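Just follow the structure's listing: the first ligand is 1, and inside any ligand the first atom is 1. Throughout, numbering of the chain's residues begins at 1 and tracks the sequence. Predicted model, so just to flag it, every value in this text is computed and none were measured.
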Amino acid sequence: MDNALLFDARARVLADLQARHHATAAAVSVLEDAVAQRKWWAEQWPEGKSYVAGLVAQDVQDALFETVGRWPMCLECDPEAPVHALYIQPDLGGPDPVWVCEESGEVVAPLGGLG
Ligand SMILES: [Zn+2]
């Protein structure tokens with residue numbers, strides 16, 4: 001297993017947490033758990049490595065949803081519009097994961113590029 005890949009996944013998700021002021025100790029701990037889980041997963045299925053970063057982002061998103069709420073929110077659309085979130089595309093987590101607005105379907109940023 002290529003650890004650089006996991007460091008990259010961790011760095012990208014952490015950058016997006018920080019970009020939205022969501023990098024609390026609890027969120028970083030969720031991120032560490034997600035990276036550890038996906039490390040195990042990618043060791044079982046090495047061909048899955050191009051999906052790891054997006055899957056870690058989805059894992060963190062799911063875990064935060066159960067505790068602090070939705071992350072990341074869309075800041076691209078009309079501020080008058082009801083608040084809504086972004087999701088990872090492709091849904092499988094990769095390759096080349098991007099954040100997409102759940103309302104407009106527009107690509108907002110690559111994973112790690114919300115700042
Ligand atoms: Zn939007």
Review point. Does Asp33 CG have over 12 foreign heavy atoms under 6.0 Å away?
Key: yes
Practice item. Report, as yes or no, whether the 6.0 Å neighbourhood of atom CD on Gln37 holds more than 12 heavy atoms from other residues, nucleotides or ligands. Key: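 No, the 6.0 Å shell around CD holds no more than 12 heavy atoms from other groups.
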Exercise for review: Examine the side chains of Trp71 and Asp16 and answer whether a donor and an acceptor come within less than 3.5 Å of each other.
Suggested key: no
**Study point:** Glu43 with Arg38: basic N within carboxylate O range, under 4.0 Å
**Key:**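 No salt bridge links Glu43 with Arg38.
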Check your understanding: Just wondering, do His84 and Cys77 contact through their side chains at under 4.5 Å, heavy atoms?
Key ->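 Sidechains of His84 and Cys77: in contact.
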**Study point:** Neighbouring protein N, O or S atoms of the Zn ion (ligand 1), below 2.8 Å
**Key:**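 Number of qualifying protein atoms: 4.
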**Study point:** Pairs where residues 26-46 contributes a residue and the test ring pair (Phe, Tyr, Trp, His ring centres under 6.0 Å) is met, not counting sequence neighbours
**Key:**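 Qualifying pairs: Trp41-Trp45, Trp45-Tyr51.
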